[in-house]
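Numbers here simply count residues along the sequence, with the first being 1. All ligand and atom numbering here is 1-based and tracks the order in the structure. Reckoned from all heavy atoms, side chains included, excluding hydrogens, waters and symmetry mates.
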Amino acid sequence: MSGTPTTGVPGSAIGDGIVEKRDLLSIADIAGDLPDVVGRVEELKRARPEGVLPRTLPDCNVAMVFEKPSPRTRSSFETPIQELGGHPACLSTSEMQLGRGETIADMARVLSRYYHGIVSRAYRWQNEAELARPSSVPVVNALDDREQPCQVVADLLTLRERWSRCFRGRRLAWVGDSNNVPRSRMLGCAAVGLDPAAAIPEEYRPPDELTAPARRLGESTGSNLRFVADPREVVRGADAVYTDGGVSMVEEAETAQRTRAYHGYTVNDSLLDLARLGAFALHDLPAHRGLEITNSVMDGTRQATGDQAENRLHTQRALLELLLAPRGPGLPGSTPRSG
Ligand code: CP
């Protein structure tokens, strides 16, 4: 688990005990809790339409710091924070002083005095770590260049829902890049014992230092990480096929090279036909139609992208509860850490 012990609830009138600050920077930080977290997400999802959502974060103030745009992640945090009884405050880079020389650490110490938790989307994972280290309140990674843990919790729920609540015997095929979502996915699959098989061009596969934690986690759950070059090999017989940008979202200079490397990696109907009957495509969105996935698949019945997006909302609620509720709302105004 990432994070350091702090005395009491930050800035809290209740601060009379030792409370472990718990960050979620990598999905590995909640690997042991993942089955319970996904179960809680399911409970909360059921409770919402019934109008019986518990107000488990009364008067919790949560800062949402976004270095990059994010319609889905921002909305899927903002709404649950309010529904759980808390108050979200969104801070984009243009509203901060980081560009004018303020350090991330200084900002973290100040935000810790105002808020009970920080949700952060950053360009680099080092920025998330720099934010979390001096912060005395939990920091949640809402995407950086290394991981997107919240997305993958929602994806595991989507798979469970579609697979009669059981991962056993199921096969998830990944077709595409090895950037942030796939890295969290490797770890998430390893934590729940799901075999992730990935088709990624050799030159774009993650280095051993990034796959080692997933392989270690997989040893205890029986999950076996495998890379191949041919998308047809992983899709054949799979129960779901996940993709996101292999060509999109890269520097323009790299586009031509990637377009060549990713030739044949588009998830289209004929690729999906190789999967098992009832198999479906997944994409964390935004989708780059015509590049990693076709219009026909995106607009057809063999996809679960709407469920994935909706499940972000239910997931954030459970994650916020897990990290913030044990610390209680307290009152902002002091900090147990130096500075
Ligand atoms: N999937 C995802 O994180 O979407 P946003 O960039 O819209 O938040």
Which donor-acceptor pairs under 3.5 Å do the side chains of residues 187-206 make with protein atoms, sequence neighbours left out?
from, atom 1, to, atom 2, distance (Å)
Asp195, OD1, Asn224, N, 2.7
Arg205, NE, Ile200, O, 2.9
Arg205, NH2, Ile200, O, 3.2
Arg205, NH2, Val228, O, 3.2

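- The one candidate from Ser26, Pro149, Ser184 that meets the side chain to side chain contact (heavy atoms under 4.5 Å, CB included) condition with Asn141 is Pro149.
- One side chain, Asn295 or Arg289, offers a donor N or O that lies under 3.5 Å from an acceptor on the other.
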*Passes salt bridge (charged side-chain N to carboxylate O under 4.0 Å, His left out), Glu42 versus Arg160? Steps please.*
CA-CA 10 Å; Glu42 282 176 322; Arg160 253 176 74 90; 3.1 Å; yes
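- Contact annotation for Leu143 and ligand 1: no heavy atom of the residue comes within less than 4.0 Å of the ligand.
- Checking only distances, Leu285 does come within under 3.5 Å of ligand 1, N or O to N or O.
- Annotation: Asp208, atom CG; neighbour count of heavy atoms from other residues, nucleotides and ligands within 6.0 Å does not exceed 12.
- Every atom of ligand 1 is numbered from 1 in the order shown, and the set under 4.0 Å from a heavy atom of Arg312 is 1 (N), 2 (C), 3 (O).
- The local environment of CZ in Arg232 is sparse, with at most 12 non-hydrogen atoms from other residues, nucleotides or ligands closer than 6.0 Å.
- For Asp284, the closest heavy-atom approach to ligand 1 falls below 4.0 Å.
- The shortest heavy-atom distance from Lys68 to ligand 1 is not under 4.0 Å.
- Protein heavy atom nearest atom 6 (O) of ligand 1, with residue, atom name and distance: Arg121 NH1, 2.8 Å.
- The closest approach between any non-hydrogen atom of Arg74 and ligand 1 is not below 4.0 Å.
- Nearest-heavy-atom check against atom 3 (O) of ligand 1 across Gln151, Arg72, Gln148, His283 picks out Gln148.
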